[in-house]
Amino acid sequence: MSTVRVRFAPSPTGFFHIGSARTALFNWLYARHTGGQFILRIEDTDAARNTEEALNVLLAGMRWLGMDWDEGPEVGGDYGPYYQSQRGDIYRKYLDKLLESGRAYEKDGAVWFRLLGERYTEYDSYLEQEVEKVRSEAVTIKDLIRGDVVRAESRDFVLCRSDGSPTFHFVNVVDDIEMKITHVIRGEDHLSNTSKHVELFKAFGAPVPYFAHLPLILKDPSQGKGKMSKRDKGSLVEEYQKRHFIPAAVRNAIALLGWNPKDDREVLEIGELIELFDVADVQKGAARFDEQKMSHINFEYLKSLPVETYAWFARPVLTDRPWCSEDLDEDYLQRVLTICQDKINSLEDLPNFSIYFFTEDFPLDPKGLKKFAGKPATIEKLQQALAVLQDVPKADWTQAGLEQAFARLAETHGMDKPFPWWPVIRFAVSGCTGGPDFVPMLVVLGRDRVLLRLRAAIESPEFTDVESAQS
RNA sequence: GUCCCGUUCGUCUAGCCAGGUCUAGGACACCGGGUUUUCAUCCCGGCAACAGGGGUUCGAAUCCCCUACGGGACGCCA
């Protein structure tokens with residue numbers, strides 16, 4: 001049995017769509033699963049919209065998702081060139097073959113493929129004109145997902161335009177023959193086209209590859225009908241990149257679009273994906289892309305990351321902000337993240353959640369202001385807290401040391417627990433009403449910052465002034 | 001219009017090919033309760049589906065047919 005050779009053949013449009021990424025991923029997974037080759041071929045025949053920038057979007061997206069290619073741009077291979085724009089000579093050679101064998105003919109300056117069978121003329125209500133049709137023999141498309149699909153073509157079609165450029169159907173087949181592609185894995189929107197392709201393979205006397213037509217990804221009903229397009233919200237890989245999603249999580253979520261491991265698992269590492277994936281197990285029915293599911297899977301990844309790795313992803317998210325220094329101390333960063341990691345479900349939320357660890361200029365939550373500001377009890381509690389905390393030496397500024405200090409505070413006021421002081425202290429030192437666990441937060445923040453902020457709060461008109469609190 | 005593909009909870013899906021173990025399982029979302037100093041975490045519980053009809057069969061989500069609905073293709077776009 002010959003090795004599997006699959007290809008992803010995108011047209012660089014400047015966008016890397018979730019649907020394209022899924023097609024690429026399924027090809028890639030199938031190649032890795034079978035030990036075959038994954039080929040990247042660039043369909044850049046439409047010169048007008050194919051720029052280098054557009055190609056970069058594609059290659060960068062592929063790399064971000066961790067898909068490498070065995071042959072293609074920048075890596076070469078034995079069946080190149082891998083840009084269709086550079087394969088003109090090959091197409092001409094193949095076109096001549098068909099012209100010689102009589103399976104192609106010229107008409108109106110273009111070259112057409114000749115179907116075999118009885119010809120007749122008929123009014124076509126879709127094209128709204130009389131057209132020549134052919135009763136050609138149906139061809140069988142061997143589809144790994146749908147089984148055999150039998151379909152007949154009824155009209156000759158163009159192989160080469162009057163301006164000399166070859167058409168998609170033609171170059172696609174020629175390239176698949178030349179590159180010895182064994183399995184064509186692509187979107188279901190190509191299924192009806194495939195009978196044309198099979199006709200061409202046969203006309204060239206080439207072996208017909210297996211096909212696997214992937215179910216379409218439909219847009220969210222709130223965005224209209226039909227398949228998801230690049231204009232739909234959440235449909236571009238780039239968007240998740242910008243929102244600091246973990247690439248492995250995005251890849252995992254994309255893999256679940258029309259495929260699943262048949263058990264109840266959803267979070268699968270790349271090795272498991274490769275081991276379990278088989279194109280024959282792909283769903284037949286179309287799916288609707290669910291951004292919430294994507295976020296959830298991303299969250300699962302975020303939770304399970306070791307803090308060193310988490311910090312690696314988090315650092316640029318923070319240093320991107322004006323209030324965060326570029327040379328953020330790694331040890332401090334990791335200590336902050338250790339107490340924040342399991343409290344937030346997306347890296348997008350990290351800056352707002354943790355700003356007060358990095359600057360004195362942090363905002364005060366209006367909800368907290370409403371709750372605490374201008375109330376005598378607030379200042380009283382802060383003063384009581386300050387009195388106790390400033391007696392805690394630096395060496396005892398630890399979880400245990402602080403717990404002892406708070407126990408003393410509670411005891412002094414005849415309380416069992418120091419909880420009544422905590423929310424107001426939290427607000428004074430962080431500007432927030434919620435956040436990481438309280439005592440660990442004070443430990444990470446450090447003695448100096450906490451005392452400084454407590455004193456500042458006691459002095460601050462925002463806390464003491466009843467007028468400003470009500471405004 | 002013609003041809004092709006599809007149809008299980010609101011959403012993603014398991015089960016279907018090899019009919020009984022399915023009073024249809026899981027996940028997301030949602031709702032309720034609990035834990036917690038706060039909380040976006042966590043725990044427990046709940047909601048909710050075999051598109052409709054006919055047939056085959058002792059028995060059908062599973063096999064067959066029809067209808068409906070959804071989608072795709074029908075370009076000198078890819």
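First the proteins, then the strands, lettered A, B, ... as listed; each starts at 1.
An OP1 or OP2 oxygen of B:rA14 is reached within less than 4.0 angstrom by a side-chain nitrogen or oxygen of A:N260.
Under the rule for a side chain to side chain donor-acceptor pair (under 3.5 Å), A:W422 has no partner lying at least two apart in sequence or in another chain. The side chain to side chain donor-acceptor pair (under 3.5 Å) check on A:D437 picks up A:K343, with sequence neighbours excluded. Residues satisfying the side chain to side chain donor-acceptor pair (under 3.5 Å) test with A:E118, not counting sequence neighbours, are A:R135. The side chain to side chain contact (heavy atoms under 4.5 Å, CB included) test applied to A:T23 returns A:F8, A:N27, A:L214, not counting sequence neighbours.
Backbone-only engagement by A:D189 is indicated by non-hydrogen atom pairs under 4.0 Å involving sugar-phosphate atoms exclusively. The residue A:K227 sits close only to the backbone: its heavy atoms come under 4.0 Å of sugar-phosphate atoms, none of a base. Within the 4.0 angstrom heavy-atom criterion, base atoms lie near A:A110. Using a 4.0 Å heavy-atom criterion, one finds that A:H190 contacts the bases of the nucleic acid, with or without backbone contacts as well. A:I297 comes within 4.0 angstrom of no nucleic acid atom, judged by non-hydrogen atoms across all strands. Within 4.0 Å of A:G109, counting heavy atoms only, lies no atom of the nucleic acid at all.
A donor and an acceptor atom, one from each side chain of A:H17 and A:S229, are nowhere located under 3.5 Å apart. Side chains of A:T140 and A:D148: no donor on one and acceptor on the other come within 3.5 Å. Looking at A:E130 and A:T121, their side chains never bring a donor and an acceptor atom within 3.5 Å of each other.
Nucleotide B:rC3 has B:rG72 as its partner under the Watson-Crick or G-U criteria, with both atom distances under 3.5 Å. For B:rU37, there is no paired nucleotide, since no Watson-Crick or G-U wobble pair has both relevant distances below 3.5 Å. B:rU57 is unpaired under the criterion used here, namely a Watson-Crick or G-U wobble arrangement in which both key atom distances are under 3.5 Å. Nucleotide B:rC30 has B:rG46 as its partner under the Watson-Crick or G-U criteria, with both atom distances under 3.5 Å.
One C1' atom belongs to B:rC9, the other to B:rC5, and the distance between them is 24 Å to the nearest Å. Spacing of C1' atoms, B:rC43 relative to B:rU36, comes out at 12 Å, to the nearest Å. For the C1' atoms, the distance from B:rA60 to B:rA24 is 13 Å, rounded to whole Å. A distance of about 14 Å separates the P atoms of B:rU62 and B:rU23, rounded to the whole Å. Here, B:rG25 and B:rC47 have their P atoms 11 Å apart, quoted to the whole Å. Annotation: B:rG45 and B:rG70 have their P atoms spaced 39 Å apart (nearest Å). The gap from the P atom of B:rC69 to that of B:rA78 amounts to 34 Å, rounded to the nearest Å. Separating the P atom of B:rG10 from that of B:rA49 is a span of 7 Å, rounded to the nearest Å.
Note that the OH atom of A:Y94 and the CG atom of A:D89 stand 13.0 Å from one another [nearest 0.5 Å]. Atom OH in A:Y105 sits 12.5 Å away from atom CG in A:L98 (nearest 0.5 Å). Here the OG-NE2 distance, from A:S346 to A:H296, works out to 13.5 Å after rounding to the nearest 0.5 Å.
Between the NZ atom of A:K196 and the P atom of B:rA78 there is a distance of 13 Å, given to the nearest Å. Atom CD1 in A:I42 sits about 15 Å away from atom P in B:rA78, given to the nearest Å. Between the NE2 atom of A:H197 and the C1' atom of B:rC4 there is a distance of 14 Å, rounded to whole Å. Distance CD (A:Q292) to P (B:rU13): 16 Å, rounded to an integer number of Å. At whole-Å resolution of the value, OH in A:Y123 and P in B:rU2 are 14 Å apart. Between the CG atom of A:L218 and the P atom of B:rG72 there is a distance of 7 Å, given to the nearest Å. The distance between atom CG of A:L216 and atom P of B:rG71, rounded to the nearest whole Å, is 11 Å.
In this structure, A:Y126 forms no aromatic stack with the base of B:rU2, since the conditions of centre separation below 5.5 Å and plane angle below 30° are not both met.
Inter-residue side-chain proximity for A:D175 and A:R41 is flagged as met; some heavy-atom pair is nearer than 4.5 Å.
No hydrogens or angles were tested; on distance alone, nothing pairs the side chain of A:K293 with the base of B:rA29 as donor and acceptor under 3.5 Å.
Taking every side-chain heavy atom of A:R151 into account, B:rC4 is the closest of B:rA14, B:rC4, B:rC76. Each of B:rG1, B:rU13, B:rC76 was ranked by its minimum atom distance to the side chain of A:T167; first place goes to B:rC76.
Under 4.0 Å is where a charged nitrogen must lie from a carboxylate oxygen, and between A:K133 and A:D124 at least one such pair does.
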For nucleotides 6-9 of chain B, give me every protein contact, N/O to N/O, under 3.5 Å, one pair per line with atom names.
none

Pairs under 3.5 angstrom, nitrogen or oxygen only, protein versus nucleotides 21-25 of chain B, please.
none

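Evaluation of the side-chain hydrogen bond (donor to acceptor under 3.5 Å, both in side chains) test over residues 407-420 of chain A, restricted to residues two or more places apart or in two chains, returns A:Q384-A:H413. Every pair passing ring pair (Phe, Tyr, Trp, His ring centres under 6.0 Å) that includes a residue from residues 132-172 of chain A is listed here, sequence neighbours excluded: A:F113-A:F157, A:F168-A:H190, A:F168-A:H197, A:H169-A:H197. Among residues at least two apart or in separate chains, side-chain hydrogen bond (donor to acceptor under 3.5 Å, both in side chains) pairs with a member in residues 247-264 of chain A are A:N252-A:Y301, A:D263-A:R265.
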Show me the donor-acceptor pairs, under 3.5 Å and distance only, between side chains in residues 347-356 of chain A and residues at least two apart or in other chains.
| unit_1 | atom_1 | unit_2 | atom_2 | d |
| --- | --- | --- | --- | --- |
| A:E348 | OE1 | A:R243 | NE | 3.3 |
| A:E348 | OE1 | A:R243 | NH2 | 3.4 |
| A:E348 | OE2 | A:R243 | NE | 3.3 |
| A:S354 | OG | A:L350 | O | 2.8 |

Protein-to-nucleotide contact annotation, 5' to 3' order, nucleotides 35-51 of chain B [B base; S sugar-phosphate only; - none; under 4.0 Å, heavy atom]: --BBBBSS---------
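For RNA chain B, the residues of residues 155-162 of chain A within the heavy-atom distance limit of 4.0 Å (strictly under) are A:R155, A:V158, A:R161, A:S162, sorted by number.
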